[in-house]
Amino acid sequence: MIPVLTSQSAPRRTATSVTAVCAAIVILLFFAGCVHTAKRDSVSWDESQHLYSGWLSWLRGDFGYNPEVPPLVKMWDAIPLLHREIKQPAFTGDPFKKEGFVLGQRFLAANGIDRTLIPARIMASLLTVFLATLLFFCAGEMFGDKAALFALLLFCLDPNFLAHGAYVTTDIGASLTMLAAVYAFYRYVKRPTAARIITVGFAVGAAMTAKFTGVFIAPILCLIAAIDYWLSKDEARRVKSPSPRQLIAAIAIALVIGVGCIWTVYHFRYAARPGSLQLNPTSEQYLQNLTSPMTRRVLTTVGRLHLLPEAYIYGLADTKISAGDLPSYLFGRDYPGALHWYFPTAFLIKSTLPFLILFALTMVVVFRGRWQMRREIVFLTVPSIFIFLLSTSSNLGIGYRHLFPIFPMLYILIAGCAAHLVSRNPKFAYGFAALLLWQLITTVAARPGLLAYANEAWGGPSKTHLYLSDSNTDWGQQLRAVKNYLDTHPSQPCYFAYFAQGPVDFRDYGITCHVLPTGSALWTGLDTMRFGGDPNVSGTVLISDGVLAGADIPGKANLYAPFVSVRPDATIDRGVYVYRGQFRLGAPAAVEHVEAAREFLQQQNAIGAIREARIAMSLDSNNPQAHMVLGDALAATGDAKAAQSEYAAALQSSELDPVFQKGLLDQLQAKTGH
């Protein structure tokens with residue numbers, strides 16, 4: 001039977017077609033914006049090792065090179081490399097974190113940075129496009145075409161997603177798979193079928209293999225199911241829901257499929273690495289670093305029974321172990337780990353004001369209880385609240401990007417609320433259009449350098465560094481802009497303290513500055529400049545925001561702390577500060593001599609160690625490590641009294657940071673008997 005279009009259905013179908021065309025145009029423009037970022041920004045901190053890891057997973061089945069994140073997104077991004085001859089750098093045998101960053105840099109340098117990175121970033125941009133598309137369809141099914149287009153426009157004009165959408169990292173993949181799992185479960189609850197629960201299972205598997213926070217999809221779905229069923233028992237406003245037995249069975253089946261997906265991605269092999277390659281440290285050794293006895297016992301048991309692949313267990317452990325190792329920066333201060341108000345603060349600073357206004361309005365409407373979309377509200381708010389509370393309770397505070405999975409769901413909720421309000425009073429449409437225009441203006445005004453976005457209430461992107469650091473402002477992505485600046489402002493010599501030096505080498509981008517010592521450069525073993533005994537430099541000094549803020553070396557030990565009070569002559573891409581003139585770099589200059597003194601001690605050459613330690617102290621008299629290594633050298637010569645004097649001087653040093661140098665403090669106290 002041929003359907004007959006009525007006078008009402010024809011305009012509706014025309015409106016739907018127009019909406020679809022508009023959505024396609026918006027998504028294409030969004031993709032173009034991501035591609036622009038892919039070509040504009042230099043390689044950021046994590047990208048090289050993620051991309052090399054994805055290639056190793058495909059070609060070698062090696063899941064232990066970079067086990068700190070699951071392989072699914074990394075393998076997706078590495079697909080363009082599969083048709084190429086790739087030069088593989090030799091393994092170093094270092095601990096996995098150091099080896100990951102060192103080999104990632106060598107991998108890109110050996111195979112051509114742009115030729116290798118940009119195709120992978122195009123793949124990452126496609127994931128962001130998939131996220132935008134899924135958001136559109138989800139919003140359309142929940143709230144209709146107009147809401148879907150409004151949600152899509154808000155999302156595609158979000159400066160934070162435009163900034164990160166092209167990067168070879170897992171944040172976008174985690175956002176996509178989390179939304180996919182929630183949306184798939186929503187469709188199952190609406191109409192339970194075997195096909196739909198299988199879809200839920202694969203979406204759950206994707207979430208768990210995109211990022212380790214994906215394991216929390218299980219409790220999220222359980223919470224959603226329980227709340228949805230409880231609300232469905234309200235006879236006055238009955239919402240049909242599957243029975244408890246159906247819901248429990250569905251979630252159980254989805255988890256079984258999800259675990260099957262994990263094993264599939266890891267090639268159905270327990271061992272993390274192929275052949276004779278081993279994890280460093282081993283799983284048994286690394287799991288002992290877990291501070292929670294319960295977590296350690298659970299993961300050890302899971303490993304002993306081979307319930308999950310070894311690399312997956314290792315990565316789960318790493319999320320707990322490494323969280324407390326990274327400092328966070330908030331309002332001009334460094335903190336060990338993250339304060340509980342780190343993410344709420346980052347949320348208020350880096351979210352756009354139109355989003356915050358719309359979000360506040362939506363919450364008012366939801367709590368007033370007059371918006372009768374209970375199921376949709378539950379499915380969109382429960383995951384968002386859960387992830388936000390999880391992030392807030394975490395000890396990891398290095399980026400607003402860790403909140404990304406909540407925003408697609410919140411944009412859908414906001415759009416649904418907007419459609420509801422407009423249906424009650426069409427005049428609301430003018431206000432929502434104005435906020436959408438504001439979203440566009442704030443994003444355009446923030447270019448270039450969207451990564452450092454902060455909203456107008458906090459002074460905009462040029463002020464973000466006053467409140468936040470690390471991937472909120474500086475992820476090492478400014479090297480093309482630095483090269484362009486130096487070409488147009490020639491000055492020799494120049495000196496560069498680059499935040500990502502080690503995972504990246506700025507010399508690979510043709511920047512010929514001297515490499516100033518930084519924590520990451522020293523840790524990865526990249527060569528840094530030799531000062532000798534002269535700490536004075538003249539010319540142009542470049543310092544990354546991450547270095548200056550202490551994300552590199554935090555607290556009192558920050559080698560470049562004196563520059564905090566110096567106004568830069570210029571700022572490059574909102575993340576690299578330019579200083580011209582003559583400067584005394586005593587603390588950076590002392591580093592090479594402290595390291596040389598330690599090497600002499602290892603060679604049992606106490607005289608050489610004493611000489612180098614005294615040079616270090618002449619360059620930076622308050623350096624506690626110089627005092628300690630001098631004390632060790634004096635002790636090796638049998639001069640215990642002089643050694644104790646140096647240990648005491650180290651303990652009294654104004655540069656000794658008891659928070660960030662606790663290990664050094666413990667050593668000194670042990671040596672002095674305090």
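Quick caveat, the model's predicted, so the values are computed rather than measured.
Of the possible donor and acceptor atoms, none in the side chain of Asn280 sits under 3.5 Å from a partner among the backbone N and O of Phe96. Side chain of Asp334 to backbone of Tyr329: no donor-acceptor contact under 3.5 angstrom is found. Under a 3.5 Å cut-off, the side chain of Ser520 and the backbone N or O of Phe499 do form a donor-acceptor pair.
Of the N and O atoms on the side chains of Gln477 and Tyr167, not one donor lies less than 3.5 Å from an acceptor on the other residue. Between the side chains of Asn66 and His50, at least one donor N or O lies within less than 3.5 Å of an accepting N or O. Residues Thr116 and Arg84 bring a donor and an acceptor atom of their side chains to less than 3.5 Å of each other. For the residue pair Asp505 / Tyr498, no side-chain donor-acceptor distance below 3.5 Å is found, with atom types taken as modelled. Side chain to side chain, Asn472 and Lys350 fail the donor-acceptor criterion of an N or O pair below 3.5 Å.
In this structure, the side chains of Phe185 and Leu247 come closer than 4.5 Å at one or more pairs of heavy atoms. Counting only heavy atoms from C-beta outward, the side chains of Thr37 and Arg121 never approach each other to under 4.5 Å. Between Val182 and Tyr186 there is no side-chain heavy-atom pair separated by less than 4.5 Å. By the 4.5 Å heavy-atom criterion applied to side chains, Leu450 and Asn160 are not counted as neighbours.
Salt-bridge formation is not detected for the pair Asp545/Arg574: no Lys NZ or Arg NE/NH1/NH2 atom is positioned less than 4.0 Å from an Asp or Glu carboxylate oxygen. Classification of Arg187 and Glu141 as a salt-bridged pair holds, one side-chain N sitting under 4.0 Å from a carboxylate O.
Under the side chain to side chain contact (heavy atoms under 4.5 Å, CB included) criterion, Thr392 pairs with His340, Phe343, Pro344, Phe388, not counting sequence neighbours.
Phe91 carries Arg273 over the face of its six-membered ring, with the cationic atom under 6.0 Å from the centre and within 45° of the normal.
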